[in-house]
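Taking it in order: structure first as structure tokens, then the write-up.
To find a chain, count down the sequence lines: A is the first, B the second, and so on, and within it residues start at 1.
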There are 2 protein chains.
Amino acid sequence: MIPNKPDHSKSQRLTQQRSAVLHAVEMVRTHPSAEEVFHLVRKELPNISLATVYRNLHLLAEEGKIREVQFEGDVLRYDGITGPHEHFYCRSCRTVWDIDRSLSPQAIHDVERSMKASVESYNLDFYGLCSVCRRKA
Amino acid sequence: MIPNKPDHSKSQRLTQQRSAVLHAVEMVRTHPSAEEVFHLVRKELPNISLATVYRNLHLLAEEGKIREVQFEGDVLRYDGITGPHEHFYCRSCRTVWDIDRSLSPQAIHDVERSMKASVESYNLDFYGLCSVCRRKA
DNA sequence: CTCTTATCAGTAATGATTCCTAATAAGCCC
DNA sequence: GGGCTTATTAGGAATCATTACTGATAAGAG
Ligand SMILES: [Mn+2]
Ligand SMILES: [Mn+2]
Ligand SMILES: [Zn+2]
Ligand SMILES: [Zn+2]
């Protein structure tokens, strides 16, 4: 008898609601809020409840299938791209832009050494005006 | 007649409450929350209200006298050190440690160039276990 | 198909923060 | 110092994002 691998994933059943929430976050590049995911998913599942969206977003984030992101003065948002990258947040239009770079392993190791700590993750967020808003200003 | 310089600072009167709030944030290295500042200031001004603490923290942050910081899954905190530095946040004990480094001007300029945006500020926060909690784990 | 129970919909509760209003006090002018 | 204007306060209500609760539903193992 082969013992099952311990299942550390918290979600055990693949419900329509759960896969629709995951699909919505993965499909858009907007880093949507729970409310926005709710509106997206409603097109497919008109009866889904907001609490279900919140619950599944949190669950999917814990499993590492999506990523939680938060910016100053804004609500929690979700990111379908889980690989390491950085963000630029426009203070005017609140758009989030992906930055295709990441801190060097050396820089992270420097922090670990100076803090005598283990670094599990980091966030690097830039704030300012995006090119569109800069023109308007 | 010399016209007054336009006063961009939002706080016009130096109240006891306001200076006590500022003093509390500047005195501690703990990056306290509003609630924690409230308890600190109460020792000096037992009748100060929580709303007053919130209002002044926000005001002082807008004037650049203190800095607002926020970490994943935690409430807003305040930092008496306004100069550029980075943070390490222990996921276990929620302690915030200052890191005496900052991104190179070159790295920031790279972001501005690639985004065609103006970068006003950035946050670089590391997450993990501090040395104390690592020993316990 | 049946059965167990994880998950759901709908709604109430929570908790941090902000708003509101009559009372207070900072600080300018005399 | 004593008035006077009004920014600021204390205290409580309101807001808003998020989480908790509960009886009903459906995923998926056998
Ligand atoms: Mn992203
Ligand atoms: Mn700091
Ligand atoms: Zn913009
Ligand atoms: Zn710790």
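For D/dG12, the OP1/OP2 oxygens have no side-chain nitrogen or oxygen of B/Ser49 closer than 4.0 Å. Within the 4.0 Å cut-off from OP1 or OP2 of D/dA26, not a single side-chain nitrogen or oxygen of A/Gln17 is found. Residue A/Asn56 has a polar side-chain atom (N or O) positioned under 4.0 Å from OP1 or OP2 of C/dC8. In this structure, A/Arg18 reaches the C/dC8 phosphate: one of its side-chain N or O atoms is under 4.0 Å from OP1 or OP2. A close approach under 4.0 Å does not occur between any side-chain nitrogen or oxygen of B/Thr52 and OP1 or OP2 of D/dT9. Between D/dT18 and A/Tyr54, a contact under 4.0 Å exists linking OP1 or OP2 to a side-chain N or O.
Rounded to whole Å, atom P of D/dA27 lies 11 Å from atom CG of A/Leu45. What separates CG of B/Leu57 from P of D/dT8 is a distance of 15 Å, to the nearest Å. For A/Gln16 and D/dT25, the CD to C1' distance is 12 Å, given to the nearest whole Å. Computed from coordinates, the B/Ile48 CD1 to C/dT24 C1' distance equals 14 Å when rounded to whole Å. Summarising the geometry, the separation between CD on A/Gln70 and P on C/dA16 is reported as 14 Å, rounded to the nearest angstrom. Distance CZ (B/Arg42) to C1' (D/dA10): 12 Å, rounded to an integer number of Å. Distance CD (A/Gln12) to P (D/dA29): 11 Å, rounded to an integer number of Å. Rounded to an integer number of Å, the gap from CG of B/Leu50 to C1' of C/dA16 is 9 Å.
A tilted orientation is assigned to the rings of A/His31 and A/His85, their planes being inclined by 30° to 60°.
Among the protein residues, B/Arg55 comes within range of the nucleic acid bases, having at least one heavy atom under 4.0 Å from a base atom.
Shortest non-hydrogen contact noted between B/Cys93 and B/Cys130 is SG-SG, 3.9 Å. Taking every heavy atom of both residues into account, B/Val53 and B/Ala34 meet most closely at CG1-O, 3.7 Å.
When the nearest nucleotides of DNA chain C are assigned to B/Ser33 and B/Leu14 by heavy-atom distance, the more 5′-ward of the two goes with B/Ser33.
Screening B/Thr52, B/Ile48, B/Leu57 against B/Phe38 for a side chain to side chain contact (heavy atoms under 4.5 Å, CB included) leaves a single residue, B/Ile48.
Residue side chain A/Arg13 reaches the base of C/dT5 through a donor-acceptor N/O pair under 3.5 Å, judged by distance alone.
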Verdict with reasoning, A/Glu68 to A/Arg77, per salt bridge (Lys or Arg N to Asp or Glu O under 4.0 Å) = CA-CA 6 Å; A/Glu68 241 170 13; A/Arg77 296 189 179 208; over 6 Å; no

